[in-house]
Amino acid sequence: MENPKATTVVQLKGITKKFPGVLANDRVDLDINSHEILALLGENGAGKTTLMNVLAGLYNPDGGEILLNGKLVQFHSPRDAIANGIGMVHQHFMLVESLTVAENIILSLQSNALSLNLDRIKKEISGLSKKYQMPVDPDAYIWQLSVGEQQRVEIMRLLYRGADVLILDEPTAVLTPNEATELAAVLRHMANEGKAIIIITHKLNEVMNFSDRVTILRAGQKIASFLTAKTSKEELARKMVGRKVLFHLERSACVPGKAVLKLENVEALNEKGLPALRSISFQVCCGEILGVAGVAGNGQRELAEVISGLRTVKKGKILINGEDVTNCTPLQAIDIGISHIPGDRLGVGLAPNLPISDNLTMKAYRERPITRGFFLDRDQLQVFAKNLIQTFAITPPVPETPARLLSGGNQQRLILAREITANQGVIIAVHPSRGLDVGATESVRKTLFEQREQGTSILLISEDLEEILQISDRIMVLYEGKIMGIAEVADITVDEISLMMAGQPLEKFNHELPADGLKT
Ligand SMILES: Nc1ncnc2c1ncn2[C@@H]1O[C@H](COP(=O)(O)OP(=O)(O)OP(=O)(O)O)[C@@H](O)[C@H]1O
Ligand SMILES: [Mg+2]
């Protein structure tokens, strides 16, 4: 332990947890200390979430024990765990949208809500807000809050209930880079106040910047632990994947062909009925990746949705190979050959309760050999699914497993497997590597590259500027639903992109839509 104040609060000893077809945790030992931020790192399916779910009382382990301040404890529910000072913020928030922050916090308390004094609770929330420098308005309704603010409410809820050990499962996956920096500061305050913090993340930069210690899991086992100051991104990646990871891709020059996807003055509204896309015009050519950069919430999601038939185009036109496809249905979009890797995995991307096999075959099921006449050929369906499970290394490799039970990264692989296989010329990829480990991220980017080489037109929407710079041929920046500029990746600097992301259009990247077939 580096921090002289740190003391061991929790000891996990030999934790084992099995699921059908997979040993999620295999005799894992882990010490968790006060005053420290511990990062938990590992490939998709390594067992990180499972191990923390065991600690947070959600799962009963099949073997091993938990010691809390040296005493053996057994948690039968998350309530049990929180009563003992251990709480977890899950990837999917569990807040009631129509209630206020204070009401949500009351709701999570065990005692009779009527006997609680709302004013006193609000005061206490404000006190905690100050102490941890984490602004939270007790009277705000959840639906009014950004994702980052909702996350703070989740953290506040645990603090309010007296958590000393706080677990956060991939907290930054849903945050903008700025929000992530703010979260890092909050976590540091909490550690300084004596809390024990555990964060799960795939981002090696965050491990290096946020944590004091880091533990790596691989295939359910603990592989290594380091003091963060004594390790490096490269060492972590190597330990995690078991081989050297390349942090750059060989890129071949783009030889764009004819324009495939073309938008002309497209306008659309967001959920609240406000303009989300304002006169958007651009094109993506055959064999080209167009990266869309921008701060979250500037029209990226709506852009992906209008092209995939999930949102109405109010004005303007969408063309694929010259054919007008404006306001096609999602099913027509599939038939036209548009693949959509959505940002929202569980909402749009997957049918959570259906098995892996059905999720994989959702797009292929209307075609031979899976369909014969009116009948589904169940055997062919299984063969098709098993092939994809193998190619995309989805675990557990059990086609019957419901999609909702898969780890976050394995859910993402499932979507990628289906969409990339079904692609017939156009891929709309929204945060394709969100939640993926470094190895899988690399392989997704490679796959997109291969698709591009085979002539696919790819619209890549990502908040990860590094990802956009790495694989795009051209970059387009969105701000408040408008295009601030489009440039060849080689012609633009990060500073110029940042300026445009902040709302400043740059004259030299002005984008007039060219005559057919030409590149901007
Ligand atoms: N309830 C469950 N039923 C069946 N399999 C499960 C269940 N929960 C997790 N798994 C599987 O157990 C393994 C470990 O999952 P876990 O969620 O702990 O991984 P993880 O390290 O958090 O991965 P990721 O980075 O992808 O989130 C994975 O193969 C996952 O698909
Ligand atoms: Mg996980």
**Message:** Go through it in stages, so that I can follow the logic: the residues are Asp437 and Arg413, the test is salt bridge (Lys or Arg N to Asp or Glu O under 4.0 Å), and I'd like the CA-CA distance, side-chain angles, deciding distance and then a yes or no.
**Reply:** CA-CA 11 Å; Asp437 62 54; Arg413 287 173 197 217; 3.5 Å; yes
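- The main-chain N or O of Cys285 is found under 3.5 Å from a side-chain atom of Ser457 such that the two form a donor-acceptor pair.
- Nearest approach of Ala224 to Lys239, heavy atoms of both residues: CB-CD, 4.0 Å.
- The main-chain N or O of Asp464 is found under 3.5 Å from a side-chain atom of Ser462 such that the two form a donor-acceptor pair.
- Salt bridge status for Glu43 with Arg218: absent, with no side-chain N to carboxylate O gap under 4.0 Å.
- The backbone N or O of Glu323 lies less than 3.5 Å from no partner atom in the side chain of Asn321, so there is not a single donor-acceptor pair.
- Side-chain contact check for Asn53 and Lys17: no donor-acceptor pair (N or O, by modelled atom type) lies under 3.5 Å.
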**salt bridge (Lys or Arg N to Asp or Glu O under 4.0 Å) between Glu36 and Lys195, intermediate numbers included** = CA-CA 7 Å; Glu36 272 191 1; Lys195 306 284 182 199; over 6 Å; no
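- Taking both residues in full, the closest heavy atoms of Met208 and Lys233 are given as CG-CG, 3.7 Å, listed atom of the first, atom of the second, then distance.
- A donor-acceptor contact closer than 3.5 angstrom is absent between the side chains of Asn25 and Thr50.
- With no hydrogens or angles considered, a side-chain donor-acceptor pair links Asn410 and Ser407 at under 3.5 Å.
- Judged by distance alone, the side chain of Lys262 and the main-chain N or O of Val284 form no donor-acceptor pair under 3.5 Å.
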**Message:** salt bridge (Lys or Arg N to Asp or Glu O under 4.0 Å) for Glu154 and Arg157? Distances and angles first, verdict last.
**Reply:** CA-CA 5 Å; Glu154 288 276 11; Arg157 187 151 82 155; 3.1 Å; yes
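- Side-chain atoms of Ile197 and Leu38, non-hydrogen and from C-beta on, never get closer than 4.5 Å to each other.
- Partners of Glu467 according to the salt bridge (Lys or Arg N to Asp or Glu O under 4.0 Å) rule, which considers only residues two or more places apart in sequence or in another chain, are Arg445.
- Not counting sequence neighbours, the partners of Thr201 by the side chain to side chain contact (heavy atoms under 4.5 Å, CB included) test are Thr172, Ile199, Lys203, Glu206, Val207.
- Not less than 6.0 angstrom separates the ring centroid of Tyr59 from the ring centroid of Phe75.
- Between Leu319 and Val325, the closest side-chain pair of non-hydrogen atoms is not below 4.5 Å.
- At a threshold of 4.0 Å, the pair Lys222-Asp26 does not count as salt-bridged, since none of the basic side-chain nitrogens sits closer than that to a carboxylate oxygen.
- To the nearest 0.5 Å, atom OG1 of residue Thr228 and atom CG of residue Asn209 are 10.0 Å apart.
- There is a side-chain donor-acceptor pair under 3.5 Å between Thr49 and Asp169.
- Counting only heavy atoms from C-beta outward, the side chains of Asp29 and Leu12 never approach each other to under 4.5 Å.
- Glu453 meets the side chain to side chain contact (heavy atoms under 4.5 Å, CB included) test with Ser252; sequence neighbours excluded.
- Ser225 and Thr215 get closest at one heavy-atom pair: OG-OG1, 2.8 Å.
- In terms of heavy atoms, Gly287 sits closest to Asp473 at O-OD2, 4.2 Å.
- Residues Ile420 and Ser339 form no side-chain contact, since every pair of their non-hydrogen atoms from C-beta on lies 4.5 Å or further apart.
- Glu400 CD: more than 12 foreign heavy atoms inside a 6.0 Å radius.
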**Asked** Given Ile86 and Ile167, is the side-chain contact (heavy atoms from CB on, under 4.5 Å) satisfied, shown in steps?
**Response** CA-CA 8 Å; Ile86 298 173; Ile167 307 162; 4.1 Å; yes
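- The two residues Ile66 and Val54 make their nearest non-hydrogen contact at CD1-O, 4.0 Å.
- In terms of heavy-atom proximity, Ser472 sits nearest to Gly291 at OG-CA, 3.3 Å.
- Contacts of Gln332 classified as side chain to side chain contact (heavy atoms under 4.5 Å, CB included), with partners at least two apart in sequence or in another chain: Cys328, Thr329.
- Checking side-chain atoms of Ser77 against main-chain N and O of Asp80 turns up a donor-acceptor pair under 3.5 Å.
- Applying the side chain to side chain contact (heavy atoms under 4.5 Å, CB included) criterion to Val494, with sequence neighbours excluded, gives Leu465, Leu469, Ser498.
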**Request:** Under the side-chain contact (heavy atoms from CB on, under 4.5 Å) rule, what do Leu263 and Leu277 come out as? Steps first, then yes or no, please.
**Result:** CA-CA 11 Å; Leu263 273 72; Leu277 297 176; 5.9 Å; no
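- In this structure the side chain of Leu416 reaches within 4.5 angstrom of the side chain of Val444, judged on heavy atoms.
- A salt bridge is defined here as a Lys NZ or Arg NE, NH1 or NH2 lying under 4.0 Å from an Asp or Glu carboxylate O, and Glu170 with Arg434 fails to meet this definition.
- Leu51 has its side chain within reach of Leu30: a pair of non-hydrogen atoms, C-beta onward, lies under 4.5 Å apart.
- For residues 299-311, the pairs satisfying side-chain hydrogen bond (donor to acceptor under 3.5 Å, both in side chains) are Glu271-Arg301, Glu271-Arg311, Arg301-Glu305, Glu305-Arg311, Ser308-His340, with sequence neighbours left out.
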